[in-house]
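Right, one structure below, let's go through it.
Heads up: numbering here begins at 1 and tracks the sequence. What you see is a predicted model; the values in this text were computed from it and never measured.
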Amino acid sequence: MKGFSLNKHGYEIGNLDHAAYIYNQPIKVWRYDPEADQWQEFEESYPGSGAYELYAVSMEGQAIVGLGYNNGDWNAIDIWRFD
């Protein structure tokens, strides 16, 4: 799992229970709203190919997430922007 903050919300991207690898399911994206104290799953999943050890940085109203590796077999080279 990888977390980052963006526009006063917290985000988690995770391959829970290795679902992306074992069951070929998408990697989930969740957003935390601190005012409502609630987590909400995004309708769209994380589009990247890395499932483990993702990198994330957020600044100036956007977050950059990507790289990592998939199942330990190969390095992911894609990078995605959230804003």
Side-chain angles (χ1 to χ4, degrees):
M1 297 199 56
K2 181 54 71 177
F4 60 91
S5 64
L6 181 63
N7 301 325
K8 300 182 182 180
H9 289 87
Y11 292 83
E12 282 287 334
I13 299 173
N15 182 22
L16 298 176
D17 299 325
H18 306 288
Y21 172 67
I22 297 171
Y23 305 110
N24 199 29
Q25 293 180 356
I27 297 174
K28 306 280 185 179
V29 179
W30 295 83
R31 180 171 73 178
Y32 178 70
D33 181 345
E35 290 184 19
D37 191 25
Q38 290 183 329
W39 286 94
Q40 179 180 9
E41 183 180 350
F42 268 37
E43 290 180 18
E44 295 181 28
S45 59
Y46 174 65
S49 59
Y52 307 103
E53 301 295 327
L54 296 173
Y55 291 88
V57 62
S58 59
M59 62 185 171
E60 298 182 8
Q62 58 185 349
I64 306 298
V65 181
L67 304 175
Y69 65 93
N70 192 340
N71 193 31
D73 294 332
W74 51 276
N75 292 327
I77 58 171
D78 52 344
I79 297 175
W80 297 86
R81 184 179 78 201
F82 292 83
D83 47 31

Let me have the donor-acceptor pairs involving side chains of residues 32-42, under 3.5 Å, with sequence neighbours excluded, atom names and distances please.
unit_1 : atom_1 : unit_2 : atom_2 : d
Y32    : OH     : D37    : OD1    : 2.5
D33    : OD1    : E35    : N      : 3.0
D33    : OD1    : A36    : N      : 3.4
E41    : OE2    : K28    : NZ     : 3.1

For residues [X] and [Y], report the shortest heavy-atom separation together with the two atoms involved.
{"X": "L6", "Y": "G61", "answer": "CD1-C, 3.4 Å"}
{"X": "A56", "Y": "G3", "answer": "CB-O, 4.4 Å"}
{"X": "P47", "Y": "D78", "answer": "O-OD2, 4.3 Å"}

One should read off an interatomic distance between H9 NE2 and R31 CZ, to the nearest 0.5 angstrom, of 4.5 Å
For I79, the other hydrophobic cluster members (4.5 Å side-chain criterion, sorted by chain and number) are Y55, V57, I64, L67
Could you state whether F4 and W30 fall into the same hydrophobic cluster, counting links through intermediate Ile, Leu, Val, Met, Phe, Trp or Tyr residues with side-chain heavy atoms under 4.5 angstrom apart? no
**Prompt:** Given side chains that start at C-beta, do those of I13 and F82 come closer than 4.5 Å, heavy atoms only?
**Reply:** yes
Decide yes or no for Y11 and V65: does some side-chain heavy atom of the first lie under 4.5 Å from some side-chain heavy atom of the second? no
